[in-house]
Amino acid sequence: MAELTLYHAIPSRSATARWMLEETGEPYDLHLLNLGEGDNRKPDYLAVNPQGKVPALKHKGVVITEVAAICAYLADAFPKARLAMPADDPRRGVYLQWLFFGPSCIEPAITDRAFPRKDEPRAGTVGYRDIDALADIVAKAVASGPYLMGEQFTAADVVIGAGLRWGMMFKLVPERPGFAAYVERLSQRPALQRATAKDKEQGQK
Ligand SMILES: N[C@@H](CCC(=O)N[C@@H](CS)C(=O)NCC(=O)O)C(=O)O
C-alpha cells in the first residue's frame, strides 16, 4: 500500500492531480469513483471530502482537497522532483501567484464564458478579469518560456497548463500567440502522457 492515495474520477479535474502525482514519480494508490453513479455523494466519500468533489489526496492519513492545493502540497512534499520554487527563492511569490491564479481567476473566467450570467456583476466587484484579458496576461508570461517560471517546470505549469488545455479544447480560451506551443510542450511531458494513458485504460466504460 502506497503512502499516497488519490480519490479520482475519469474524466474530471482530478486528472490534473494525477498528472502532478506522475510528475513527482512517487507511487500512489487510486480510489476510483464513478460520478455518474453518485459515488462521490455516498457517506464514505463525504467523510473524505464533505463537498463530495474530486480530487482528494490522502497522504500519511491526512486528506487534502482542491486541485491547486494538492499540486502545491506535492511539489513541497517531494522536493527532489524540483516542482516548486524553494521558500528562500525570491521568485517563490510569483510561483504562488500562478498557483492561485488558476482556481481564483482562470477557472471562474472560463466558467463565465461557458455559462454567461443573466446579470453581469460590476467588473470591479468580481475578483478576476474576463478570460480575454486573462489570456493576454498568461500569453505574456509564457512568451519567453519554456515554462511560467522560465527554465524550471513547476506545479504552477500543471495548474495553469491543465486549465488552458481544457479551455482551449472547448474553445473557451481565446487563441493567443504562444499558447499552442506552450500546451504542446506540456503535452510532450512523459508524466502527462503516463497520466493520460492510465486514465484511458482505467476510464469507466
Ligand atoms: N474546486 C474544486 C473543484 C472540484 C470539482 O468540481 N470536481 C468535479 C469534477 S470535475 C466534481 O467532483 N463534480 C462532482 C459533483 O459536483 O457532484 C477543485 O479545484 O478541486
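Every number for a ligand or one of its atoms is a count from 1 in the order of the listing. The first residue of the sequence shown is numbered 1, and numbering continues consecutively from there.
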Just by modelled atom types, is the Asn34 backbone N or O under 3.5 Å from a matching donor or acceptor in the Asp39 side chain? yes

Do the charged groups of [X] and [Y] touch, with an N to O distance under 4.0 Å?
| X | Y | result |
| --- | --- | --- |
| Arg113 | Asp132 | yes |
| Arg13 | Glu107 | yes |
| Lys198 | Glu22 | yes |

Salt bridge (charged side-chain N to carboxylate O under 4.0 Å, His left out) contacts in which one or both residues fall within residues 91-104, not counting sequence neighbours: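 Passing the test, one end in residues 91-104: Asp76-Arg92, Asp89-Arg91.
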
Answer yes or no: are there more than 12 heavy-atom neighbours, outside Lys42 itself, under 6.0 Å from its atom NZ? yes

Pocket residues of ligand 1, ordered first by chain and then by residue number (heavy-atom cut-off under 4.0 Å):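 Heavy-atom contacts below 4.0 Å: Ser12, Arg13, Asn40, Arg41, Lys53, Val54, Pro55, Glu66, Val67.
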
